[in-house]
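Scroll down for the structure; my scribbles are underneath it.
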Amino acid sequence: MTIKFLDLNYQYNLIKDEIDLAIKEVISNTAFIGGKYVKQFEDDFSDYVQATHCVGVANGTDALEIAIEALNLPKESEIIVPANSFISSAEAVTRSGHKVVFCDCDPKNYTISIPSLRSKITRKTKAVMAVHLYGHPCDMDMLKQIAKEHDLKIIEDCAQAHGAEYKGARVGAIGDIGAFSFYPGKNLGAYGDGGAIVTNSGELAKKCRMIANHGRIEKYNHEFEGRNSRLDGLQAAILSVKLRHLDAWTDARIKVSDYYLENLKNVTDLVLPQREEWAKQVYHLFVVRCKTRDELKDYLQSKDIQTGIHYPIALPKLQAYHYLAQQDEDFFANHNDGELLSLPIGEHMDEHSVKFFVDTIKPFFL
Ligand SMILES: *Cc1c(COP(=O)(O)O)cnc(C)c1O
């Protein structure tokens, strides 16, 4: 038996007829850029995440960058970013003319650490990047309280958290503005690149739409210089089809996670992730810690079980951020990147394969 980390082919086969039809329709309507399929998906997705506005863009990194630019913060503002994330969360800050300041992540659920965030706030801090990492929502009440105390904006990086809920509210528009990625491997993934910005502010949504479309609202009437970042019609139509199945696939992820949590809890050398009671985690990733991570990964590979590492190098330790000199800070994230291991998860795993996984991993620790 082989267990894949991700199986997009399996997923496609579940919905092949719907997808093929959607693609044909877009092509016969030649609605490649803009048009009704993009509009339809924006409406579908804003409903899904309970936000009043959704703006489709070219990818998740652009979504973050455009969202930050739309906030119109003073040049070189400090934006606090958790040290355990994908580089986009930080890259978008620098690319929009601001300064990245890293803080630590929480050792239980790996989202932004509230005490560490507090310790990094200065006069220049203007925003915080709330990354709902691995599909676990950040503690939004705490973030909102801190934002209020220090007059900060909250940007939600929801690239791993489509449909995740904080106290019953879907992530995305709980803070000021949220960014989603539809990279193929995400919980809701396109067949290429895609992204979206969501917000409850009509003004921010309009600004984002203009930035993403050369600073214009109508053809050739450019109010300012923007850029070109568009979700295309084919991707939008594919995403609308897949969105109809997302909740079922999320339930499948939660089922796999619950099985892991229940059946691996006695393995003392594995540290399992902890879900807060207020969280609906959508488990983009199921990340454990193990002191002998590399040996465990090789062992599983030898049994035809694929795993991943998210992320092998904490952001402050990346060459790209050495200039910030935060690589030696006493962060949980800096110390533990060598222990993180992402177990296989997704709708492609049935009861049989999760059981096989658990039965196979256990002997490693004997
Ligand atoms: C994937 C991801 C992004 C970037 O999305 P792209 O669509 O690949 O640009 C940003 N932040 C996080 C946390 C991600 O996982």
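None of these values were measured; they are calculated from a predicted model. In each ligand, atom 1 is the first atom listed, and ligand 1 is the first ligand listed.
- Only the side chain of Ser85 comes within 4.0 Å of ligand 1, counting heavy atoms alone; its backbone N, CA, C and O stay farther away.
- When the heavy-atom distances from atom 15 (O) of ligand 1 to Glu65, His284, Gln160, Met129 are ranked, the shortest goes to Gln160.
- When hydrogens are left out, the protein atom nearest atom 13 (C) of ligand 1 is Asp157 OD2, 3.5 Å; that is the closest non-hydrogen contact.
- Across Asn84, Val128, Asp139, Asp106, a single residue satisfies side chain to side chain contact (heavy atoms under 4.5 Å, CB included) together with Ile112, and that is Val128.
- Looking at Leu64 next to ligand 1, no N or O pair under 3.5 Å apart turns up.
- Within the 4.0 Å heavy-atom criterion, both parts of Thr61, backbone and side chain, lie near ligand 1.
- Under 4.0 Å from ligand 1, the heavy atoms of Tyr311 that appear belong solely to its side chain.
- Residues satisfying the side-chain contact (heavy atoms from CB on, under 4.5 Å) criterion with Val38, sequence neighbours excluded, are Glu42, Ala236.
- Atom OH of Tyr311 is separated from atom CG of Leu133 by 6.0 Å, given to the nearest 0.5 angstrom.
- For the residue pair Leu14 and Trp249, the shortest heavy atom distance occurs at CD1-NE1, 3.8 Å.
- Given atom 10 (C) of ligand 1, the protein heavy atom at minimum distance is Ser88 CB, 3.4 Å.
- Taking only nitrogen or oxygen atoms, main chain and side chain alike, Tyr183 does not reach within less than 3.5 Å of ligand 1.
- Applying the 6.0 Å contact sphere to NZ of Lys153 captures no more than 12 heavy atoms from other residues, nucleotides or ligands.
- Under the 4.5 Å side-chain criterion, counting only non-hydrogen atoms from C-beta, Leu243 is in contact with Phe41.
- What sits closest to atom 1 (C) of ligand 1 on the protein, heavy atoms only, is Lys186 NZ, 1.5 Å.
- Annotation: atom 12 (C) of ligand 1 to nearest protein heavy atom, Ala159 CB, 3.4 Å.
- Checked for salt-bridge contact, Arg227 and Asp62 meet the test: a charged N lies under 4.0 Å from a carboxylate O.
- Under the ring pair (Phe, Tyr, Trp, His ring centres under 6.0 Å) rule, His136 has a single partner from Tyr166, Tyr283, Trp278, Tyr110, which is Trp278.
- Atom numbering of ligand 1 starts at 1 in the shown order; those under 4.0 Å from a heavy atom of Gly60 are 5 (O), 6 (P), 7 (O), 9 (O).
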